[in-house]
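What follows is one structure encoded as C-alpha cells, with my remarks underneath.
Fair warning: this is a prediction, and the values are worked out from it, not measured in the lab. Chain identifiers are assigned alphabetically (A, B, ...) following the order of the sequence lines, protein sequences preceding nucleic acid strands; residue numbering begins at 1 within each chain.
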Amino acid sequence: MSQFKPRIIAFCCNWCSYAGADLAGVSRMQYPANIRDIRVMCSARVELSIMLEALIRGADGVAILGCHIGDCHYIHGNHYTIRKVRTIQKLLQMGGVNPERVYLDWVSAAEAARFAQVVTDFTDKIRSLGPIGEAEGRPALELKRNLQGARVAADGERLRWLVGREYTLEINPNAFGEQMTEEKLWEIINKTAEDEYLRGRILVELKEEGDLSCRELAGRLGVEPAEVLKHLVVLRRKGLTDVSGLKERSPVYECKAGGLL
Amino acid sequence: MSEELRIGVIVCHCGTNIAGVLNIEELVEFARSLPGVAHAEPSLYACSSDGLQKLKNMIKEHKLNRAVVASCTPRTHEPLFRTTCKEAGVNPFLYEMVNIREHCSWVHSQEPEAAMERAKDQIRMGVAKAALLEPQEEIEAQVTPAALVIGGGPGGMSAAVNLASRGFETHLIEREDSLGGLLKQLHTVQPTGQNAKELLKKLTDEVAAHPNLKVHLNTTLKELAGYIGNFNATVLTNGEEEMIPVGVIVVATGADVLTPTGKYAYDGEKVITQLELEKRLAEGSVDAKNIVMIQCVGAMGDERTYCSRICCATALKNAQLLKEADPDREIYILYKHMQAYGVELEKLYREVREMGVVFVQYSLERRPEVKEGWVEVYDESVQNAVKIPAGLVVLATPLVGRSDVKELGQILKVPRDADGFFLEAHVKLRPVDFATDGIYVCGTCHWPKSLPETFSQAAAAASRASIPMAKGKIYVEPIISCVDEELCIGCGLCMRNCAYSAIEMVEGVARVIEASCKGCGLCGASCPAQAITMRHFTDAQLGAALGAALEESGVK
C-alpha cells in the first residue's frame, strides 16, 4: 500500500477550474502530481459513461471541477453536473465501488489556492481509500462487470432522459402543471438507476458467461430470482435478450445487446 | 480517414520555466515513440517568431497533418498556434495543446520525477486526442458596429469618448443620476494636483458634445444575451427596459472606498477618511492644527492582503495642500510602506518631506492607537513609542470591489478575484480583455489605480474593443454540437435545456443554430438517444485521452 500511486483523472471546465489551475501554476503553488487533467468546455459535458470509462480503465479517482453555482460560464451547466454526479454515485454504490471515488467541486478562475487544496485533498482521500478494486474487497472481474453494467445503465435512454430532465423539472412545472420536488424526482431517478443497473448487469453477465438461466443469474448477482425474472421480461421485450434453449427444464437466456456493451 | 496519420510534436523549453524542471530531450524522445507521431522536436520558446516559424517548417518538411505543442495553457496560446498551423496549411482544429507549464513544471517543481511522469502522460493524452481530431471550418458572423460602456466614471467616460471618436455608436450607461463616479467626491487629483471639478467638467463636456455617444443615466444592465459582435444588452432605466444591440462591451464600473467602521475610533468627525477629507478641503473647512494620517487602514495585511496603490499618493497630495494652506500645521503620516512609485510621486514625496511633514513607520504587530486628542504609535525606526497630538485623524482606506460586482459578473459571465475585482484574461498578454470574447475591462473595477493609469487603460480597452468592429466580421469557433438526424428521437430535451436557445426542432428533429451555439456540450451529454456530438470534444476524443492517461492500468 505504501507504493500506491493513485491515478486521478480531473475534468476541468475551460472557464473556471482550468483557469484556476493555470493561476495555481502562475502562483507556483505545489500539489501532488498524481492528477491527469482533461479540459472540457463545461463540466456538464462530462457524461456518466465517461466517468465510468475512467474507472473501468483503472482510475482510482475522478474529479469533476466546475464553476461555482451561479458563475457557470454557460449559465446553468453546473446544475446538471450536480445531478449527473449524484446519479453516478448511486450507480457506483450499487456496483460495490466506493462512491467517493467520483468527486465534484467548484473552483473559480481566481481560486488558485483552492485548486491546489482541492486536488491535494482529493489525492489524499483516494490514497486513504486505496487502489480501486483492491480496496473495495471484491474480485476484479466482478467489479469490472459491475462498472460495465453501470455503464449500460448510464448509456440507456431512460436514465439519460431523467437525469437530463431533472433540473428543469425542479425549477418549472411539468406538462400537467405539477411542480415536482427535488426529493420526489431523486426518488424516481434512484429507483430507475437501480432497475437499469441490474438490467445492465444481467446483460454483461450473459455476454461474458454465455447463456444462463434466471436462477443462475440470480445466484451470480446475489439477487432474488423473481427480481431477475422481472428484468429479463423487460429486456426480452426490448430485444436485448432472448431464450436460447433449456437447461434442466429451465429456459436459458442469451445476450443480444452486443452493440451496447 | 484514408490519409496516413502524421502527427508532429513540439516540446517547449519556455526558457527554464519548463526545462528547469522537466527533461525536454527525454520528452521529445518519448513523443517520438507514440503511435501516429511522425516527428518530434524541442523548441526554446515555441511562441516566439522563431518558434512559430519552426512549427511551420516542421509541418511542411515532414508533411504533417496534425500538430501538438506541449508548452503552456491553451487559454492564452492556443489561438496563436492554431493560426500558425493554418498558415502552414493544416486546419487549425487539427492542433492540440498540452499544458506542461502551468499544470506541470510550475506546480510540481518540488518533485521533478513525478512531474516527468505527468508530463509524459499528458503528452500521450494530447497525441491520442490529436489523432482523432477532425477539421472544422470557422463560422463567420457579422459585427454590430456599436459599443456598450458600463459605468460613467472617468474610465467609462474616457473609453466611451474614445470609441465614439472612432465613429462607432456608443452607449454609456450609469446607474447614478449624473456622470463622474468617484471623481465627483474628490477635491484635487494626484499626481498633477488638478482640480477635480474642472477635470470632471472637461470630461462630461466631451461626452455631451459627442454626436455618436448616447448617455443613459439611472440605468443598469439587467441581462446580456448573444456573443461577440452580436450582444443584446437589456438595460433598465427607472424601471423601464430597453434592448440595445451592441458588438462589444467595456466594463468600467469602478470601486467602492472602504468605510472603516469600528477601526481607529473612526467617527466621521474627528477621525475621518481621506475621501471625507477631500470634501472638507473643497469646502475649506479644515481648521485642525495637528493632523495625523494613518495609511493602510484595512489593507496590506489588515483584513485585506493587497495594496490599494493610490492611498499613499493621496495622503502626500493632501498633506501638501494642508501644509501650503497653513505652514504652521504639524502633519504626521503613519505608514507601513510608502508607495511613492515612479517619477512624479517620488518627486511629490520629497517635496512633502521638505515641507516638514513627518513620516513614521509602524508595523502590523504594533498598530497606532487613536486616543482623545492624540495618537500613540510605536516608531519602528527609533524603536520607541511616541505620542502625537491630533486635532484631526485621517485614515487612508483602500478601494474595494463593489458590492454588486458578483451580480454584474454573473450577468456578463466574467470572473472576479477573491477581493471582488474583475479578472482579466491574462495579466500580460491580454491585460484589458476578459476571457469572454468581446468584453473588455478598464479602471478601478479591475484593480485600484490612479487616474492616469485609468485613462491609459480606458484608451487600451477602447482600442481593443474597436478591433472587431473595425473588421466588421468575426469568426466564431466551430466548437459546437451537431445532431445525427438518423439517431434523433425528437424528444426536445436538448432544445429545452439549451441556455442559448441554440437548438430548434424542425419536422420533429433537433437542429443546431450554429451562430448561437456556445459549445458547452450539455445537450450531447444529456441526449437520451446519444444523437448529439460535441465537436472537438467528442466521446471518442475524450475516451482516447482517458485511455492514454490510464495506459498500463486497469481494475486490479
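- If you measure heavy-atom distances from B:R416 to chain A, the contacts under 4.5 Å come from both the backbone and the side chain.
- In this structure, chain B has heavy atoms under 4.5 Å from both the backbone and the side chain of A:Y18.
- Contacts between B:L493 and chain A at a heavy-atom distance below 4.5 Å involve the side chain alone, from C-beta outward.
- B:L522 touches chain A through backbone and side chain together, each having a heavy atom under 4.5 Å away.
- Using a 4.0 Å cut-off between a side-chain N of Lys or Arg and a carboxylate O of Asp or Glu, B:R118 and B:D121 do not qualify as a salt bridge.
- The contact between B:I489 and chain A is made entirely by side chain atoms (from C-beta outward), counting heavy-atom distances below 4.5 Å.
- Side chains of B:Q122 and A:D37: a donor on one and an acceptor on the other come within 3.5 Å.
- For a residue to count as touching a neighbouring chain, one of its non-hydrogen atoms must lie under 4.5 Å from one of that chain's; by this rule B:A435 touches chain A with backbone and side chain alike.
- If you check the side chains of A:T123 and A:N34, you find no donor sitting under 3.5 Å from an acceptor.
- Only the side chain of A:Y80 has a heavy atom closer than 4.5 Å to any heavy atom of chain B.
- Heavy-atom distances place no part of B:S105 under 4.5 Å from chain A, backbone and side chain included.
- There is no contact between A:R114 and chain B, counting heavy-atom distances below 4.5 Å.
- Counted within 6.0 Å of CD on A:E208, heavy atoms from surrounding residues, nucleotides or ligands total more than 12; the atom is thus considered enclosed.
- Using a 4.0 Å cut-off between charged nitrogen and carboxylate oxygen, A:R86 and A:E166 count as a salt-bridge pair.
- For A:R45 and B:D539, the salt-bridge test passes: some basic side-chain N is under 4.0 Å from an acidic carboxylate O.
- In this structure, a donor-acceptor pair under 3.5 Å is absent between the side chains of A:H79 and A:E170.
- Looking at A:N172, neither its backbone nor its side chain comes within 4.5 Å of chain B, counting heavy atoms on both sides.
- Interface remark: A:C67 contributes no atoms to any contact with chain B (heavy atom separation under 4.5 Å).
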